2 protein chains.
Amino acid sequence: MSDAARTARSPQPRYGNRPTMKDVAARAGVGLKTVSRVVNGEPGVTAETERRVQDAITALGFRRNDSARILRKGRTASVGLVLEDLADPFYAPLNRAVEEVARDHGALLINGSSAEDPERERELALALCARRVDGLVIVPAGDDHRYLEPEIAAGIATVFVDRPAGRIAADAVLSDNFGGAREGVAHLVAHGHRRIGFLGDRPGIHTAAERLRGYRAAMAAAGLPVDEAWVSLGPTDPGRVRAEAERILTGPGAVTALFTGNNRVTATAVRVIAGLGRPVALVGFDDLELADLLSPAVTVVAQDAGQLGRTAAELLFRRLEGAQDAARRVELPTRLIVRGSGEIPPAAG
Amino acid sequence: MSDAARTARSPQPRYGNRPTMKDVAARAGVGLKTVSRVVNGEPGVTAETERRVQDAITALGFRRNDSARILRKGRTASVGLVLEDLADPFYAPLNRAVEEVARDHGALLINGSSAEDPERERELALALCARRVDGLVIVPAGDDHRYLEPEIAAGIATVFVDRPAGRIAADAVLSDNFGGAREGVAHLVAHGHRRIGFLGDRPGIHTAAERLRGYRAAMAAAGLPVDEAWVSLGPTDPGRVRAEAERILTGPGAVTALFTGNNRVTATAVRVIAGLGRPVALVGFDDLELADLLSPAVTVVAQDAGQLGRTAAELLFRRLEGAQDAARRVELPTRLIVRGSGEIPPAAG
DNA sequence: CCCGGTCTTGACAACGTTGTCCAGGCTCTA
DNA sequence: TAGAGCCTGGACAACGTTGTCAAGACCGGG
């Protein structure tokens, strides 16, 4: 009766008329605060009173409304994760790792994809800030993050991962893209290759630029010239990559080995090489599932995406617990996984 | 000064002293509600007033606190997703699809992994309910979901995906596991195989049981006997799968073909077969990246994980918009992707 | 010039929870 | 047995926002 009356006069939806602590208190014949104490396991309630409250909670199907709790306490116990694409298998372990660390700290994870669109990254990050997430882990799509300055100043801890922040000082956890690419290319050089191509992502992307830099460094260190016709950076859709791979791999002056700048490029390159009828040595950045079963097996420079996520999330929570030192850049090593390189025929030239 | 005073006397953290609408109102010299109107783009504010408010917002770096808004409005504009493992590439497109649909409806996505642990699934789902997510998409780990009854009754829309709910009536979006497995096994039969093994996930998992049923149906339809030594269900860790695959594939009465029950099993089986030195026909449930490049290429029964997620999320939002009809079970077709089947040598026996 | 209407604005309560503070009943000791 | 002190319980305000409602400004027509 009183419920019906309240429903009728209330202008708000009242969460589908769920019972509140007030309802529980009324039913148990105790005060509001006593219910709060029981729900939160606070001391100062006799066993008998607690039992009465518990019975009322069960009977009514009460569940605490965390929205109200959050408003009152000022902490949301949630962190946001913005990445390029939730569907990309490379980011799946990163996603899981961040979730796992958040869980260890009692926080939930809200996440979303930027789809490589800086505007969408911005919208998403700011929406998360409006929700007052305690912290933010971002795989940046854009290169200007000044829009986050007021949020960071207001206390939202922020850690960038995989790529650095643009135009603001912020923590970042990266792979050693330069060193990894240099090592991968050096591996090809050590196997006698002198004409090595580079096929990578758009040059505006930090990781792509760093990997290209590593390629050039390895070539220079070996005293090998780089024909710019061997180098191609751009979108990683299979169409472009296929065309560029064919261009670099055929015709006069074709390369004998290829270094590919990420997992998507590598997958397409493997297909092109398989159709080529001529052996080409291939080393790719990022490991691939089943890469050991391809013929020839693909040697890769592997990043540990899970470790990237874990490190970033742990840094985030250290900030949340009060760490105040200057923005830090953590660089994680890559690992060269040599597969079937013995079978790669050294180049003739 | 007044700020400092408030900070000192306030017992609450006040979100790192962020400005509120009250602060904006004071600075702009307008009422609280007018700020609210400007922030929400409500009509009835003169251009001049709006400008003053906007200036104050910019100057103070104000951003609306959605926690308070949510509390007031009773809708969180967020949905929860509980799945087995965020790091599993199979679920990545599902995750993304749910996010995409949520985004189209202006909602954020909170997600987490159950790690195949029913208790953890329960904790996570109930935590999301406490946050008052508008709806829940669940890939169930457990087989008893009665714990959700009060939540569903209280208005949290819930859709199960990949596997059905246990002991409650709820919407579910599934793949046609039975039909897909039957078709895959029939493909092997059509190529002359009579001794076909089945290597799958734990029998308690609905999808594993359905796929086994499909296998048996295809064998029965072809009039072929099933030797129980050819069938193995259990955990999908590489150790067990490898041992079982070797057992089924070698020795007297060994099978000439294998049907594998999911992507993880298939990957391990491919490795075992590669080391066997004898050709074995393989059809697997779930597609694999680069499966076309393996030798022999692996024929698969592919599910569209993205479509599963999209369908589930759309059903969820239809419920949120008021659809009241009885719980529905949607079954999506699978697709047989034949690869290099010409190269699979038919069995001798 | 006055009345009715529209338009803009702000005061106020409420959403459901938790922190503060005080009151009343009890036990323990002198 | 009385007073001090502890334990339990509840009234109240506040978190930051939005819905309701009413008041004032302004306009035009009679």
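In the text below, chain A, chain B and the rest are named by the order of the sequence lines, each starting its count at 1. All values derive from a computational prediction rather than experimental measurement.
Across every non-hydrogen atom of B:Ile110 and B:Val133, the tightest pair is CD1-CG1, 4.2 Å. For the pair A:Phe90 and A:Leu308, the tightest heavy-atom approach, listed with the atom from each and the gap, is CZ-CD1, 4.3 Å. A pairwise comparison of heavy atoms in A:Ala157 and A:Leu320 identifies CB-CD2, 3.9 Å as the closest pair.
Residue contacts for A:Asn40: at a heavy-atom cut-off of 4.0 Å it reaches the sugar-phosphate backbone alone, with no base atom in range. Among the protein residues, A:Val39 comes within range of no part of the nucleic acid, since none of its heavy atoms lies under 4.0 Å from any strand.
Near DNA chain C, defined here as any heavy-atom distance below 4.0 Å, the residues from residues 30-37 of chain B are B:Val30, B:Gly31, B:Lys33, B:Thr34, B:Arg37, listed numerically.
Comment: B:Arg103 does not engage B:Glu99 in a salt bridge, judged by the lack of any side-chain N to carboxylate O separation of less than 4.0 angstrom. Note on B:Arg318 versus B:Glu321: no salt bridge recorded, every NZ/NE/NH1/NH2 to OD/OE distance being 4.0 Å or above.
Axis angle across the helix from C:dC1-D:dG30 to C:dA30-D:dT1, with five pairs used at each end and values rounded to 10°: 50°.
Checked against C:dT17, D:dT17, C:dT8, the side chain of A:Phe62 finds its nearest nucleotide in C:dT17.
Taking atom CZ of residue B:Arg69 and atom P of nucleotide C:dG16, one finds them 17 Å apart after rounding to whole Å. Rounded to a whole Å, the CE atom of A:Met21 is 19 Å from the P atom of D:dC15. Rounded to whole angstrom, the span from the CD atom of B:Glu50 across to the C1' atom of C:dG10 amounts to 17 Å. The nearest whole Å value for the distance from the CZ atom in A:Arg63 to the C1' atom in C:dG16 is 16 Å. Rounded to whole Å, atom C1' of D:dT18 lies 10 Å from atom CG of B:Leu71. Taking atom CG of B:Asp23 as the reference point, atom C1' of D:dC15 lies 13 Å away to the nearest angstrom. Counting to the nearest Å, the P atom of C:dG10 and the CD atom of B:Glu42 are 14 Å from each other. The distance from atom NZ of B:Lys22 to atom C1' of C:dA11 is 13 Å, rounded to the nearest whole Å.
Under 4.0 angstrom from either OP1 or OP2 of C:dC15 there lies no side-chain N or O belonging to A:Thr20. One finds a side-chain N or O of B:Lys73 lying less than 4.0 angstrom from the OP1 or OP2 phosphate oxygen of D:dG19. Listed pair A:Arg64 / C:dT18 meets the phosphate criterion, a side-chain N or O lying under 4.0 Å from OP1 or OP2. Here A:Thr49 reaches the OP1 or OP2 of D:dG9: one of its side-chain N or O atoms lies under 4.0 Å away.
Looking at heavy atoms from C-beta onward, A:Arg69 lies in side-chain contact with A:Asn40 at the 4.5 angstrom threshold.
Side chain of A:Asp134 to backbone of A:Val79: no donor-acceptor contact under 3.5 angstrom is found.
Side-chain N/O atoms of A:Gln307 and A:Arg310 include a donor and acceptor closer than 3.5 Å.
Ring-plane geometry between B:Phe317 and B:His105 is classed as parallel, the angle between the planes falling under 30 degrees on a 0 to 90 degree scale with a further cut at 60.
Sorted by first then second residue, the salt bridge (Lys or Arg N to Asp or Glu O under 4.0 Å) pairs that include residues 146-163 of chain B, not counting sequence neighbours, are A:Arg18-B:Glu151, A:Arg63-B:Glu151, B:Glu84-B:Arg163, B:Glu116-B:Arg163, B:Asp144-B:Arg146.
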